[in-house]
Q: 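Handing you this structure, nothing more for now.
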Amino acid sequence: MNCLLARVKDRKEKYRIVITRDFSFYECPENLSNSHEYTPSYKLENDEWYSISDFSKKEFCNEFINIELDTTAYRVIDKAELCDIIYLCAKQDDIWYFQRVFKHSVLEKKRAVLLGDKITVKKNLKQIILSDIADAMYIINDDKLYFRKLETIAPIFRGIDSLYREATNDEISGFLEEPFIQVGEEYSVEKVGKANRQRIAMVIENFNHLEQEQKSKIFLYTNRYYPQLEFDGTVFTIRGEDDMKYLLYGLEQRYYTTPATNEKRIANSVRSIPENK
């Protein structure tokens with residue numbers, strides 16, 4: 001028996017039973033094998049998925065994943081609570097499915113004609129739209145979560161957005177004080193936007209582990225590919241958000257040249273190529 005539950009805006013009793021039936025609420029995608037362990041520097045292709053291994057051991061794991069489901073512990077949802085649903089979760093065989101519920105997912109009609117075995121007219125009808133493919137799937141036997149958009153599932157798995165966090169003001173202040181950066185008068189910690197804050201969080205994690213010789217090579221590489229960024233041989237001058245963005249692209253080594261046409265490009269997405277075994 002498959003079960004569909006709802007997380008509602010109720011601090012005391014957070015979950016409701018929506019329905020238990022012998023049919024599937026969601027489809028399991030056939031292309032889950034085409035997945036990549038989540039990293040914020042990689043952007044998915046249309047037929048790909050992010051994955052997180054050993055998910056049951058993560059701090060942001062959803063509470064249903066580590067318990068034996070007992071449907072008798074939850075009361076049935078009331079029609080008045082449909083607009084209070086935050087997300088849906090369904091247990092089907094050895095898979096948990098999770099779907100975020102937005103306002104447009106709940107249809108409210110004053111009157112509707114339902115076509116089935118009998119044609120009926122319903123007043124004050126409320127319906128929840130179930131997606132064919134859920135926003136996230138947890139395969140119990142693999143202990144792995146699959147998803148496509150981190151921001152969509154963040155309210156379902158509290159704390160998972162720490163995987164793509166923004167640098168704090170203290171971290172940004174420390175980064176701007178690095179000896180290879182000179183900040184212009186018009187630029188400051190407060191003017192660093194969200195996108196660059198996320199890039200800085202990624203950069204400081206990797207860049208600080210490099211040897212000085214490696215860093216020096218990256219500085220020259222960045223200057224070679226983006227000479228518009230003021231550089232005196234040792235220090236970059238950062239006067240605004242664009243300067244910061246192109247410096248961070250260089251520190252992440254996103255610049256490259258195509259081998260056949262010799263065209264300079266910026267990689268929008270980066271992941272390592274597995275080594276041959």
Side-chain angles (χ1 to χ4, degrees), residues 35-46 48-52 147-151 154 160-276:
S35 65
H36 305 280
E37 195 73 17
Y38 178 76
T39 172
S41 63
Y42 182 70
K43 289 181 171 47
L44 295 176
E45 300 293 338
N46 290 335
E48 295 179 329
W49 293 82
Y50 288 125
S51 63
I52 299 178
F147 63 97
R148 280 202 168 119
K149 293 183 178 180
L150 190 74
E151 62 272 21
I160 197 171
D161 52 359
S162 64
L163 297 175
Y164 194 10
R165 68 179 185 86
E166 296 178 19
T168 65
N169 281 346
D170 287 343
E171 288 174 325
I172 293 171
S173 179
F175 182 71
L176 295 180
E177 291 174 0
E178 288 282 356
F180 62 89
I181 293 178
Q182 172 69 45
V183 180
E185 293 181 2
E186 301 297 319
Y187 198 56
S188 63
V189 172
E190 294 73 22
K191 293 187 177 181
V192 179
K194 180 177 180 178
N196 278 336
R197 285 174 177 266
Q198 292 173 330
R199 294 184 185 109
I200 289 172
M202 288 190 291
V203 164
I204 58 179
E205 186 173 331
N206 299 317
F207 194 73
N208 290 341
H209 292 94
L210 298 178
E211 302 291 337
Q212 185 56 48
E213 184 180 351
Q214 294 174 307
K215 293 179 181 180
S216 297
K217 288 181 178 179
I218 290 176
F219 298 154
L220 294 174
Y221 152 87
T222 301
N223 177 243
R224 185 172 70 253
Y225 271 96
Y226 200 77
Q228 300 93 318
L229 186 59
E230 189 176 331
F231 181 61
D232 67 3
T234 56
V235 176
F236 293 95
T237 300
I238 306 300
R239 304 186 188 278
E241 281 288 82
D242 274 353
D243 285 350
M244 176 60 75
K245 177 176 67 175
Y246 289 110
L247 170 63
L248 293 170
Y249 283 160
L251 300 186
E252 290 184 279
Q253 302 174 74
R254 286 179 177 264
Y255 298 118
Y256 70 101
T257 302
T258 57
T261 59
N262 204 38
E263 181 182 359
K264 292 181 179 179
R265 295 179 180 177
I266 300 173
N268 186 48
S269 177
V270 177
R271 70 184 178 98
S272 298
I273 297 175
E275 295 182 4
N276 292 329

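What you see is a predicted model, and the numbers here were worked out from it, not measured in a lab.
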Q: Please tell me if the side chains of Val192 and Tyr187 come closer than 4.5 Å, counting only heavy atoms from C-beta onward.
A: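 Val192 vs Tyr187: side chains touch.
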
Q: Find the distance between CD1 (Ile172) and CD (Glu190) and round it off to the nearest 0.5 Å.
A: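 It is 9.0 Å, given to the nearest 0.5 Å.
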
Q: Just jot down the ring-ring contact (aromatic ring centres under 6.0 Å, His included) partners of Phe231, sequence neighbours excluded, or say none.
A: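 Phe231: ring-ring contact (aromatic ring centres under 6.0 Å, His included) contacts with Phe236.
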
Q: Say you draw a straight line from OG1 of Thr39 to OH of Tyr50; how long is it, rounded to the nearest 0.5 Å?
A: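 Between Thr39 OG1 and Tyr50 OH, I get 8.0 Å after rounding to 0.5 Å.
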
Q: Atom CG of Leu247 and atom CD1 of Ile238: how far apart are they, to the nearest 0.5 Å?
A: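 With rounding to 0.5 Å, CG (Leu247) is 4.5 Å from CD1 (Ile238).
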
Q: Of the non-hydrogen atoms in Ser51 and Ser35, which two are nearest, and what is the gap between them?
A: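 Taking Ser51 first and Ser35 second, the nearest heavy atoms are OG-OG, 3.9 Å.
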
Q: Does Asn196 reach the main-chain N or O of Glu241 with its side chain, forming a donor-acceptor pair under 3.5 Å?
A: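 Present.
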
Q: Which one of Val189, Ile200, Leu176, Ile204 satisfies the side chain to side chain contact (heavy atoms under 4.5 Å, CB included) criterion with Glu171?
A: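 Exactly one pass, corresponding to Ile204.
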
Q: So if I apply the salt bridge (Lys or Arg N to Asp or Glu O under 4.0 Å) rule between Arg239 and each of Glu186, Glu230, Glu185, which one comes out positive?
A: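 Exactly one option meets the salt bridge (Lys or Arg N to Asp or Glu O under 4.0 Å) with Arg239, and it is Glu230.
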
Q: Partners of Glu205 by salt bridge (Lys or Arg N to Asp or Glu O under 4.0 Å), sequence neighbours excluded?
A: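 For Glu205 there are no salt bridge (Lys or Arg N to Asp or Glu O under 4.0 Å) partners, ignoring immediate neighbours.
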
Q: How many angstroms lie between OG1 in Thr234 and CD in Gln182, if you round to the nearest 0.5 Å?
A: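 Atom-to-atom, Thr234:OG1 and Gln182:CD are 10.5 Å apart.
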
Q: Find out whether Asp243 and Thr237 are in side-chain contact, i.e. whether some heavy atom of one side chain is under 4.5 Å from a heavy atom of the other.
A: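 Side chain of Asp243 against side chain of Thr237, heavy atoms only: no contact under 4.5 Å found.
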
Q: Shortest non-hydrogen contact from Ala201 to Arg165?
A: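 Distance-wise, the nearest heavy atoms are CB-O, 3.5 Å.
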
Q: Quick check: does any side chain N or O of Tyr221 sit under 3.5 Å from a backbone N or O of Tyr255, one acting as donor and the other as acceptor?
A: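 Answer holds: yes.
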
Q: Considering only heavy atoms from C-beta outward, does the side chain of Gln198 approach that of Pro40 to under 4.5 Å?
A: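 They are not in side-chain contact.
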
Q: Check ring-ring contact (aromatic ring centres under 6.0 Å, His included) between Tyr42 and all other residues, then give those that pass, not counting sequence neighbours.
A: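 Here the qualifying residues are His36.
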
Q: So, Arg254 side chain and Asn268 main chain: donor-acceptor pair closer than 3.5 Å or not?
A: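 Side chain of Arg254 to backbone of Asn268, a donor-acceptor pair under 3.5 Å: yes, one is there.
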
Q: State whether the side chain of Ser173 and the backbone N or O of Asn169 hold a donor-acceptor pair below 3.5 Å, judged by distance alone.
A: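 Here the side-chain-to-backbone pair does not exist.
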
Q: Does the ring-ring contact (aromatic ring centres under 6.0 Å, His included) test come out yes or no for Phe207 and Phe175, once each step is laid out?
A: CA-CA 11 Å; Phe207 194 73; Phe175 182 71; 7.8 Å; no

Q: Restricting to non-hydrogen atoms, name the atom on Asp161 and the atom on Ala154 that form the minimum distance, rounded to 0.1 Å.
A: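 Here Asp161 and Ala154 meet closest at CB-CB, 4.4 Å.
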
Q: With sequence neighbours excluded, what pairs up with Arg265 under the salt bridge (Lys or Arg N to Asp or Glu O under 4.0 Å) test?
A: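 Applying salt bridge (Lys or Arg N to Asp or Glu O under 4.0 Å) to Arg265 gives Glu263.
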
Q: Where is the tightest heavy-atom contact between Val203 and Glu252, given as atom of each residue plus distance?
A: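 Scanning both residues completely, I find the closest heavy atoms to be CG2-CG, 3.6 Å.
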
Q: For Lys217, does the NZ atom have more than 12 heavy-atom neighbours from other residues, nucleotides or ligands under 6.0 Å away?
A: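 At most 12 heavy atoms, drawn from other residues, nucleotides or ligands, come within 6.0 Å of this atom.
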
Q: Would you indicate whether the side-chain heavy atoms of Leu150 and Tyr38 approach each other to under 4.5 Å?
A: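 They are in side-chain contact.
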
Q: Output all residues satisfying salt bridge (Lys or Arg N to Asp or Glu O under 4.0 Å) with Arg197, sequence neighbours left out; order by chain, then residue number.
A: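 If we apply the salt bridge (Lys or Arg N to Asp or Glu O under 4.0 Å) test to Arg197, skipping adjacent residues, there are no hits.
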
Q: If you draw a 6.0 Å radius around CD in Gln212, do more than 12 non-hydrogen atoms from other residues or ligands fall strictly inside?
A: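 Yes.
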
Q: Mind checking what makes ring-ring contact (aromatic ring centres under 6.0 Å, His included) contact with Tyr226, not counting sequence neighbours?
A: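 Tyr246.
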
Q: Answer whether the closest heavy-atom distance between the side chains of Asn223 and Leu229 falls below 4.5 Å.
A: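 No, every pair of side-chain atoms sits at 4.5 Å or beyond.
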
Q: To the nearest 0.5 Å, tell me how far Phe219 CZ sits from Gln214 CD.
A: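 Reported value, rounded in 0.5 Å steps: 11.5 Å.
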
Q: Does a sphere of radius 6.0 Å around NZ in Lys215 hold more than 12 heavy atoms from other residues, nucleotides or ligands, not counting ones at 6.0 Å or beyond?
A: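 Yes, because the 6.0 Å sphere around NZ of Lys215 holds more than 12 heavy atoms from other groups.
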
Q: How about CD on Gln228, more than 12 heavy atoms from neighbouring residues, nucleotides or ligands closer than 6.0 Å, or not?
A: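 Atom CD in Gln228 is packed in, count exceeds 12.
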
Q: Can you tell me how far the CZ atom of Arg199 sits from the NZ atom of Lys194, to the nearest 0.5 Å?
A: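 Atom-to-atom, Arg199:CZ and Lys194:NZ are 12.0 Å apart.
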
